[in-house]
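One structure below.
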Amino acid sequence: METLSENACFGGTQGVYSHKSDSCNCDMTFAVFLPEEAQDGPVPVLWYLSGLTCTHENAMTKAGAQGWAAEHGIALIFPDTSPRGEGVADDEAFDLGQGAGFYVNATQEPWAPHFQMYDYITKDLTDLVFANFPLDRTRQSITGHSMGGHGALTIAMREKGRFKSVSAFSPICNPTASDWGKKQLSAYLGADNSAWAAHDASLLMLKEGFDGPVLLDTGTKDQFIHLLMPEALASAASSKRQQAVIRYQPGYDHSYFFVASFMEDHMSFHAEALYS
């Protein structure tokens, strides 16, 4: 692991690091915020998964999360959204290829050699950060925005017992029925849509649910709301009788202004679960 930068931040440290990923077969970059309490021992962790076109840097600089994380003594992990670099497959469209890994393990060419983002988040990067930073592996939660909200929800429901809570900002809720999903899942996983269900939050909610609290926020003026389909997840949560708060925020869109506006709510929500 190579340290690219470290800066004092709200009494703690905001760092950016790179490493060779075995899962993605390339160099990957990620960021970690450590609160001041990490100087005395392991602290609880909140994973933040970003959306389409983003890198580790977008949420690190725009979400306004570090101040609230410092208040609660929680570390933040900001992974990248896809493999990158020379020899890594890409597409001209912004919603496929580099910057658009969708947090799945690709089985189709040309994506399979590098696009193993599910394993990268749940295994590769997980092992690295817990080996190198004072983090409490028994106290983890996860959140994300847009494509990252999709990733947070699906990973939380599939990785049984790992996360204390899950939240999402404007998540892609029903990708098997949305153009933000059908295109990518068919490209990465193939035309047989039976493989897609494991990466659809609404279908997973109906089948598995989540053993803990769930919080979702979507803006009523989100320009992509017809692609996000929050109503599908709300229906699934109701059918499952899932412990969940699903909110529509009047006037808010899909931007990081929206994310930053409700970050305090989400940090407090996760802090309650991580310290209970």
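The structure displayed is predicted, hence computed values, not measured ones.
Heavy-atom minimum distance, A31 versus M60: CB-SD, 3.6 Å. The two residues A63 and V259 come nearest to each other via the heavy atoms CB-CG1, 4.1 Å.
Note that CG of L52 is 6.0 Å distant from CG of D95, once rounded to the nearest 0.5 Å. Taking OG1 of T122 as the start and CG of D127 as the end, the distance is 9.0 Å to the nearest 0.5 Å. A distance of 9.0 Å separates CZ of F30 from CG of L4, quoted to the nearest 0.5 Å. For the atom pair NE2 (H199) and CD1 (I155), the distance works out to 9.0 Å, reported to the nearest 0.5 Å. Atoms CD and NZ, on E57 and K62 in that order, are 8.5 Å from each other to the nearest 0.5 Å.
Checked for salt-bridge contact, D211 and R162 miss the test: no charged N lies under 4.0 Å from a carboxylate O.
When the salt bridge (Lys or Arg N to Asp or Glu O under 4.0 Å) test is applied to R247, the partners found at least two apart in sequence or on another chain are D217, D265.
For an aromatic pair to be called close, the ring centres must be under 6.0 Å apart, and Y118 with Y188 fails this. In this structure, Y252 has its ring center closer than 6.0 angstrom to the ring center of F262.
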Please list every donor-acceptor pair under 3.5 Å in which a side-chain atom of residues 37-48 meets a protein atom from a residue at least two apart or in another chain.
from: W47; atom 1: NE1; to: Q140; atom 2: OE1; distance (Å): 3.0
from: Y48; atom 1: OH; to: Y256; atom 2: OH; distance (Å): 3.3

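Judged purely by atom type and a 3.5 angstrom limit, Q184 uses its side chain to pair as donor or acceptor with the backbone of G181.
Each of H254, H266, H145 was checked for a ring-ring contact (aromatic ring centres under 6.0 Å, His included) with F169, and the lone residue meeting it is H266. When D124, D27, D80 are each tested for a side-chain hydrogen bond (donor to acceptor under 3.5 Å, both in side chains) with S21, only one passes: D124.
The stretch residues 63-72 participates, sequence neighbours left out, in these side chain to side chain donor-acceptor pair (under 3.5 Å) pairs: Q14-Q66.
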